[in-house]
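Structure record follows, encoded as structure tokens.
Everything numeric in this text was worked out from a predicted model, so none of it was measured. In what follows, every chain begins at residue 1, and chains take the letters A, B, ... in the order their sequences are listed.
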Amino acid sequence: MTTLPEKTERKLGLVIDLDTCVGCHACVISCKGWNTENYGAPLSDTDAYGSDPSGTFLNRVHSYEVQPSQGEAQLIHFPKSCLHCEDAPCVTVCPTGASYKRVEDGIVLVNESDCIGCGLCAWACPYGAREMDAVEKVMKKCTLCVDRIYNENLPEEDREPACVRTCPAGARHFGDFADPESNVSKLTAERGGMDLMPEQGTKPVNKYLPPRPKDTLSEGAGDIDILAPYLEPVAQEATGFLGWLDKTLEKL
Amino acid sequence: MHPAPSVIFFTVFSGIGFGLLTFLGLGYPAVTGWSAFAFFVIAYLCAVGGLISSTFHLGHPERAMKAFTQWRSSWLSREGVCAVVALIVMALYGAGLVFFGQRWGILGFIGAIFSLLTVFTTSMIYTQLKTIPRWNSPLTPAMFLSFSLAGGALLAGQVTWAMALIAISGVIQVVLWMQGDGALKSSGTTLATATGLGTNGSVRAFEPPHTGTNYLLKEFAYVVGRKHSMKLRAISFVLMVVVPVLLLALPFSHWIALVAVVSYIAGTLASRWLFFAEAEHVVGLYYGKR
């Protein structure tokens, strides 16, 4: 069971748009909520109201600063969850067969009743997508909301991962990468969707859309110049007492 | 990486135990009866004690039997299978020596092979991880095997073998340390490749995803001070290589041998602590920790 399938019928995954993400962490909270209340062991918190709070999350949002060689630095919000890799190293290291990649849709899952909590799969994952739950002592990871996407008890618009459903910016997209006509395949092709750590050889299914370059002031100059003269400082040089102080201090 | 005491004890003692079983299986020393019994008790205490200690870091040790099922793909599973085969075969071989005064050479040979395979599979659990460039090297199995055989030779009282193997393991250890210091850099994994943002400029971790700590930081972002790591390497090398080799060069006495063994084990424990504490997992990059 812990050998990887040669090929999966579908390749379900996410496109995460780094250009659109505003870093609100709504996906983090909705993920924690859904996955605590539904399938599998709940995602625990320890010392939640104390001095050393810690907890299990399947999705976390980092923030990075990118400083180009010229121009302003850009702040990028960076959501990170399981990438459901085609060549998932977390699956093959599992000694019990608890970790597996589904043939039908490529989702990487953990059978929690088989997990011995050795932690080796988390060691093998370069992305930090797996976290051992401190209370349940089993490995937790993103299920791509497998209990939502096929759930006929939910209204149709809710049959997508909780993080995608909740994102107010529309920065997360869910679909089948094996279908070249799917929304996620098209987005990836149009916007140059990229792999994280391609050199690790994991062949991640999830793709990240790179941020577009920021507008620069000079490009939008036409709009700004009309008001700009009125905004310039009126007094360029200090006068009166401050002027005297300035000159005196200069001389010292 | 977090240096978990249970895993440090397990790898060191089971390594030495299986090393001793390898020598016993090959007939060094050629003992029978009660003296064979003493040797086998020491070997089993080390090997089985190590294996039991390894279950302490499991979240659900009651499900440990399931770990024997995935030997086709998992080095951890293969380790379990090899360890059980080695221990059963060597128990039969040992029973022949202790109770019947017979040396069933074939059994001993098979047991020795599986003892070495156990140490090799243990080392491959670490070596296979591309996420930890320091371990992802052929020198890692070489280090585990040479430590195990050196410790085994020491306990088996094979003075010449022990001196040679300790010297070899010392050389491998030093090369592994030197190579390991540049391993993360030469792996090519950086914050730029981790985020894919490197093409736009230089990337810096600005704000972590959470204010507190988490499993990932506790398990993977352990940092040992560079200054201390150099001191510990020196201490480990002296205890593990210099002291035992000098003591073994003296005229043989059981007391001197005992001091050599204690020194070797202490040095190996320090080295194994460093093996974990110095290992940099690439997930630390996402947190700006590398």
Side chain, backbone, both or neither of [X] within contact of chain A (heavy atoms, under 4.5 Å):
| X | result |
| --- | --- |
| H281(B) | side chain |
| L129(B) | side chain |
| Y286(B) | both |
| Y126(B) | side chain |
| M1(B) | side chain |
| T199(B) | neither |
| Q128(B) | side chain |

Self-check item: No-hydrogen, no-angle side-chain donor-acceptor test under 3.5 Å, E199(A) and T189(B)
Solution: yes
Is any side-chain heavy atom of [Y] closer than 4.5 Å to one of [X]?
| X | Y | answer |
| --- | --- | --- |
| L197(B) | P211(A) | yes |
| N200(B) | P68(A) | no |
| Q200(A) | T131(B) | yes |
| T213(B) | D52(A) | yes |
| W123(A) | E219(B) | yes |

Quiz item: Under a 4.5 Å heavy-atom cutoff, which of S51(A), G55(A), A129(A), C125(A) has the most pairs with chain B?
Solution: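 Most pairs with chain B among the choices: C125(A).
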Quiz prompt | Among A73(A), A124(A), P53(A), G119(A), residue most engaged with chain B (heavy-atom pairs, under 4.5 Å) | solution =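 Ranked by contacts with chain B, first place is A124(A).
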Relative to chain A, which of [options] shows the most heavy atom pairs under 4.5 Å?
| options | answer |
| --- | --- |
| L191(B), L217(B), L285(B), T211(B) | L191(B) |
| S74(B), P61(B), G201(B) | S74(B) |
| S77(B), A64(B), G198(B), G80(B) | S77(B) |

Quiz prompt | H210(B) side-chain N/O to S54(A) backbone N/O, donor-acceptor pair under 3.5 Å | solution =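 Not a single qualifying donor-acceptor pair exists.
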Practice problem: Could you tell me which residues satisfy side-chain hydrogen bond (donor to acceptor under 3.5 Å, both in side chains) with K141(A), sequence neighbours excluded, listed by chain and number? | Solution: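 Here no residue qualifies.
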Self-check item: Parallel, tilted or perpendicular, as decided by the 30° and 60° cut-offs, for the rings of H62(A) and Y287(B)
Solution: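 If you compare the ring of Y287(B) with that of H62(A), the planes turn out perpendicular.
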